[in-house]
Amino acid sequence: MTGYLLSIILVVLSFLLKLFIDQRPNIPIFIKALLELPVDLNFLGLSFIIAFIIKDTKNSTDGLMYFVCYLLISILTVFIWKRSTDCFVQIKISYTIFLGILNFLVSVSLMLISLNLLN
């Protein structure tokens, strides 16, 4: 339980640092940081998969498979994040919302899968 709480704190801290360091936060900056949050969640999920591999040597084959798949999906997530940010800059709000929600759904799903591996 403590590990999960620390992981959440780490993601929130990363989000807040991006939001407040060397800038005055405003709505566009907040939205851009929010659109980037799924990428942070993916890399946290990758760290959980690494922990799964390290936890037990019997997990290495499955863990490596999860890691490669997760890494490929993370590349897709970065692509969606970049597209959603471009749409936001171009004031294509409906595309921004669609891509942002899609990215969150993918990231949260993968995060839950990686968390379940640790249990």
Side-chain angles (χ1 to χ4, degrees):
M1 182 66 172
T2 304
Y4 300 135
L5 183 60
L6 288 174
S7 299
I8 292 169
I9 290 171
L10 181 66
V11 171
V12 170
L13 180 62
S14 170
F15 178 77
L16 291 174
L17 289 174
K18 288 178 191 174
L19 201 56
F20 289 104
I21 297 296
D22 198 32
Q23 64 186 353
R24 297 189 89 180
N26 55 33
I27 299 296
I29 290 171
F30 176 78
I31 291 171
K32 286 181 181 180
L34 200 59
L35 290 171
E36 188 177 355
L37 194 55
V39 175
D40 295 336
L41 292 175
N42 277 352
F43 282 96
L44 181 61
L46 277 169
S47 70
F48 289 152
I49 291 173
I50 292 169
F52 170 72
I53 294 169
I54 292 171
K55 184 172 86 169
D56 190 349
T57 57
K58 291 182 259 179
N59 296 337
S60 62
T61 302
D62 288 343
L64 224 49
M65 185 180 67
Y66 277 110
F67 184 81
V68 170
C69 291
Y70 208 101
L71 192 58
L72 293 173
I73 295 171
S74 293
I75 292 168
L76 176 67
T77 303
V78 170
F79 178 77
I80 294 172
W81 159 58
K82 291 285 194 178
R83 290 290 174 195
S84 65
T85 303
D86 289 344
C87 288
F88 177 69
V89 169
Q90 296 171 12
I91 313 174
K92 296 179 179 178
I93 302 304
S94 57
Y95 287 121
T96 303
I97 292 170
F98 171 74
L99 292 172
I101 290 172
L102 175 66
N103 226 6
F104 268 100
L105 289 174
V106 169
S107 295
V108 169
S109 298
L110 291 176
M111 177 65 89
L112 292 175
I113 290 168
S114 66
L115 282 172
N116 282 334
L117 289 175
L118 292 176
N119 291 329

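Keep in mind that this is a model prediction, so the values were computed, not measured.
- Note that CG of Leu102 and CD1 of Ile97 are 13.5 Å apart. Values are rounded to the nearest 0.5 Å.
- The two residues Met111 and Tyr70 make their nearest non-hydrogen contact at N-OH, 3.5 Å.
- Interatomic distance, Ser14 OG to Leu44 CG, rounded to the nearest 0.5 Å: 10.0 Å.
- One hydrophobic cluster, built from ILVMFWY side chains closer than 4.5 Å, cannot hold both Val89 and Ile29; they sit in different ones.
- Residues Ser114 and Ile49 come closest through the heavy atom pair CB-CG1, 3.9 Å.
- Grouping the Ile, Leu, Val, Met, Phe, Trp and Tyr side chains by contacts below 4.5 angstrom, directly or via other members, places Phe52 apart from Val68.
- At most 12 non-hydrogen atoms from other residues, nucleotides or ligands lie less than 6.0 angstrom from OH of Tyr95.
- Contact record, Pro28 with Asn26: CD-OD1, 3.1 Å, taken as the closest heavy-atom pair.
- Of all heavy-atom pairs between Leu46 and Ser74, the closest is CD1-OG, 4.0 Å.
- A continuous path of hydrophobic side-chain contacts links Leu64 to Leu110 [ILVMFWY only; heavy atoms under 4.5 Å].
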Start with the C-alpha distance between Trp81 and Leu99, add both sets of side-chain angles, then the distance that settles side chain to side chain contact (heavy atoms under 4.5 Å, CB included), and finish with yes or no. CA-CA 8 Å; Trp81 159 58; Leu99 292 172; over 6 Å; no

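- The distance from atom CD1 of Ile54 to atom OG of Ser60, rounded to the nearest 0.5 Å, is 11.5 Å.
- Atom CG of Leu41 is separated from atom OG of Ser107 by 5.5 Å, given to the nearest 0.5 angstrom.
- Phe15 and Val12 fall within a single hydrophobic cluster, where Ile, Leu, Val, Met, Phe, Trp and Tyr side chains are chained together by heavy-atom contacts under 4.5 Å.
- Phe98 and Val106 end up in the same hydrophobic cluster when Ile, Leu, Val, Met, Phe, Trp and Tyr side chains are linked at under 4.5 Å.
- Interatomic distance, CD1 of Ile50 versus CZ of Phe67, reported as 4.5 Å (0.5 Å rounding).
- Summarising the geometry of Phe20 relative to Pro25, their closest heavy-atom pair is CE2-CG, 3.1 Å, with the distance given to 0.1 Å.
- Enclosure of atom CZ in Phe48 by more than 12 non-hydrogen atoms of other residues, nucleotides or ligands within 6.0 angstrom is indicated.
- More than 12 non-hydrogen atoms from other residues, nucleotides or ligands lie less than 6.0 angstrom from CD1 of Ile93.
- In this structure, Leu13 places its CG atom where more than 12 heavy-atom neighbours from other residues, nucleotides or ligands lie under 6.0 Å away.
- Closest approach of Leu35 and Asn103 over heavy atoms only: O-ND2, 4.4 Å.
- Ion pairing between Lys18 and Asp40 holds under the 4.0 Å rule for side-chain N and carboxylate O.
- Without hydrogens or angle criteria, Lys55 side chain to Leu118 main chain gives a donor-acceptor distance under 3.5 Å.
- Atom CD1 of Ile80 and atom CG of Leu76 lie 4.0 Å apart (nearest 0.5 Å).
- Gln23 contributes a side-chain N or O that, together with a main-chain N or O of Leu19, makes up a donor-acceptor pair within less than 3.5 Å.
- Residues Leu37 and Phe104 have side chains in contact (heavy-atom distance under 4.5 Å, counting atoms from C-beta outward).
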